[in-house]
> 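There's a structure below that I have some questions on.
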2 protein chains.
Amino acid sequence: MPGHRLEQLCHDHGLRFTEHRRMVLEVLDASTDHPAASEIHRRAAVGHSISVSTVYRILKTLSAAGLVVRRDFGDGKARYESVTRRHDHLVDVRSGAIVEFDEAALQPIIESIAARLGYRLIDYRLELLAEARGAVIDRS
Amino acid sequence: MPGHRLEQLCHDHGLRFTEHRRMVLEVLDASTDHPAASEIHRRAAVGHSISVSTVYRILKTLSAAGLVVRRDFGDGKARYESVTRRHDHLVDVRSGAIVEFDEAALQPIIESIAARLGYRLIDYRLELLAEARGAVIDRS
DNA sequence: CTAAATGCAAATCATTTGCAAAGAG
DNA sequence: CTCTTTGCAAATGATTTGCATTTAG
């Protein structure tokens, strides 16, 4: 029963485990992209029933609990990913393509920055804006 | 005439220099916080006339040109800062307070990450989520 | 049983857009 | 003069909310 792991996860964070929360978590665990709320609803609704407002409410709850990470790539809608899939991103400013990467070496450096400021790091969001090497640069 | 610098800046980026663009740039250059579009409009409108839609259009243009940096702190509205004030941020998840910092050592590390992925870094956004040291942690 | 979660539809809020008038180069 | 920018008001689109109903613990 794959649901047990997710149920435990919710309980560990003091959240009730509902059918709908399971659906949303499963969608995010199965997604390799970064779906927005409407897309998560679309995927979760396949064969099931769930309202969009419920998806929004669940995403807000799960984000607050840290089970889900909310991202913004500047296209007007928030995107989400499961913490288990958490990683950083590089956005190709020409094509809009998103490249994921995971640079473990950054964690300690960033932690020390927070510490120096008198804080304990909880999480961080890093987004690189870049263009493919060799791209023609318009200096007109 | 302080307007000359801004005029040059616009011209260098192929943008027409208008009274309204000057107003928005001046507001951002004078702001130490991270005003959202509506707040920028409010500040620019003091003693002048400018419509909100114009502020939005200008911010989009200036962002695309790289004269202004668009940020998202997760409260539903985009925030802006002048490139000349560009820096990274730490968000105190308890109070919502934003602490600015500038860690020069990060730049080369992040550039190398982009390079490794086959890209040339244009810019990056780093946001730390943290809690004050010594804050009581609720492990209920 | 009781507090929390959900559906539905209406409400909000930020941001965008169509079109005619005003302005920059 | 020609192309771009701006105003205004209406349109869009994402996200939120009130309230009655259902469900988890």
Side-chain angles (χ1 to χ4, degrees), chain A residues 1 3-4 6-27 34-45 48-65 67-80 140, chain B residues 1 3-4 6-27 34-45 48-65 67-80 140:
Chain A
M1 302 132 178
H4 274 178
L6 297 177
E7 179 166 9
Q8 189 60 50
L9 197 58
C10 280
H11 286 165
D12 289 350
H13 289 262
L15 301 177
R16 283 192 180 177
F17 184 64
T18 70
E19 187 65 10
H20 293 142
R21 287 180 179 172
R22 183 184 56 66
M23 287 157 60
V24 168
L25 284 169
E26 279 182 359
V27 164
H34 310 82
S38 59
E39 178 59 24
I40 293 171
H41 173 254
R42 199 169 303 125
R43 296 181 191 177
H48 302 72
S49 172
I50 182 173
S51 86
V52 192
S53 51
T54 296
V55 170
Y56 273 103
R57 270 188 284 230
I58 289 178
L59 288 171
K60 178 173 285 192
T61 302
L62 296 182
S63 295
L67 296 190
V68 147
V69 180
R70 181 193 155 110
R71 305 276 183 187
D72 168 58
F73 293 144
D75 63 345
K77 38 193 169 184
R79 289 157 178 291
Y80 301 83
S140 62
Chain B
M1 301 133 174
H4 274 178
L6 297 176
E7 179 166 8
Q8 190 59 52
L9 197 59
C10 281
H11 287 165
D12 290 350
H13 289 262
L15 301 177
R16 282 194 178 174
F17 184 64
T18 70
E19 187 65 10
H20 293 142
R21 285 181 180 170
R22 182 183 57 67
M23 287 157 60
V24 169
L25 284 169
E26 278 183 358
V27 164
H34 309 82
S38 59
E39 178 59 24
I40 293 172
H41 173 254
R42 199 168 304 124
R43 296 181 191 177
H48 301 72
S49 173
I50 182 172
S51 85
V52 191
S53 51
T54 295
V55 170
Y56 273 104
R57 270 188 285 229
I58 289 178
L59 288 171
K60 178 172 284 193
T61 302
L62 296 182
S63 294
L67 296 190
V68 147
V69 181
R70 181 193 155 108
R71 306 274 184 191
D72 169 58
F73 293 145
D75 62 346
K77 38 193 170 186
R79 289 157 177 290
Y80 300 83
S140 63

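A, B, ... follow the sequence lines: proteins, then strands. Residue 1 opens every chain.
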> Between His34(B) and Tyr80(B), does a ring-ring contact (aromatic ring centres under 6.0 Å, His included) hold up when you go through it step by step?
CA-CA 6 Å; His34(B) 309 82; Tyr80(B) 300 83; over 10 Å; no
> Tell me whether the OP1 or OP2 atom of dG7(C) has a side-chain N or O from Ser51(A) closer than 4.0 Å.
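Checking dG7(C) against Ser51(A), a side-chain N or O does come within under 4.0 Å of OP1 or OP2.
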> Locate the shortest heavy-atom distance separating Ser49(A) from Met23(A); write the atom from each residue and the value.
O-CE, 4.2 Å
> Has Tyr56(A) got a side-chain N or O lying under 4.0 Å from the OP1 or OP2 atom of dT15(D)?
yes
> Does Arg21(A) place a side-chain N or O at less than 4.0 Å from the phosphate oxygens OP1/OP2 of dA5(C)?
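For dA5(C), OP1 or OP2 has a side-chain N or O of Arg21(A) closer than 4.0 Å.
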> OP1 or OP2 of dG7(D) versus the side-chain N and O atoms of His20(B): is any pair under 4.0 Å?
yes
> Scan His11(A) against the nucleic acid and name what it touches under 4.0 Å (heavy atoms): base, sugar-phosphate only, or nothing.
sugar-phosphate
> What distance do Leu15(B) atom CG and Ile58(B) atom CD1 have between them, rounded to the nearest 0.5 Å?
10.5 Å
> Nearest-nucleotide wise, let me know which of Glu19(A) and Val52(B) is further upstream toward the 5' end of DNA chain C.
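So the residue in question is Glu19(A).
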> So, for Cys10(B) and Leu25(B), which heavy atoms are closest and what is the spacing to 0.1 Å?
SG-CD1, 3.9 Å
> Roughly, in whole Å, what's the span from CD1 in Ile58(A) to P in dT23(D)?
14 Å
> Quick one: is Thr18(B) getting a side-chain N or O under 4.0 Å of the dT6(D) phosphate, OP1 or OP2?
yes
> Just call it for Ala36(B): base, sugar-phosphate, or nothing, with non-hydrogen atoms closer than 4.0 Å on any strand.
nothing
> Taking the side chain of Arg57(A) as its heavy atoms from C-beta onward, which of dG7(D), dG25(D), dT17(D) lies nearest to it?
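That would be dT17(D).
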> Please confirm whether the shortest side-chain N or O distance from Lys60(A) to OP1 or OP2 of dT16(D) is below 4.0 Å.
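So the side chain of Lys60(A) is within the cut-off, an N or O lying under 4.0 Å from OP1 or OP2 of dT16(D).
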> Rounded to whole Å, please give me the gap between NZ in Lys77(B) and P in dT15(D).
15 Å
> So if I take every side-chain heavy atom of Ile50(A) and compare against dG7(C), dG25(D), dG7(D), which nucleotide ends up nearest?
dG7(C)
> For Ser49(A), answer base if it contacts any base atom (sugar-phosphate contacts may also be present), sugar-phosphate if it contacts only those atoms, and nothing otherwise; contact means non-hydrogen atoms under 4.0 Å.
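Touches sugar-phosphate only.
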> Give the rounded distance in Å between these two atoms: NE2 of His48(A) and P of dA5(C).
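These atoms are roughly 20 Å apart.
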> Drop me the distance from His41(A)'s NE2 to Thr54(A)'s OG1, to the nearest 0.5 angstrom.
8.0 Å
> Go nucleotide by nucleotide along DNA chain D from the 5' end; which of Val55(B) and Arg16(B) gets its closest nucleotide reached first?
Arg16(B)
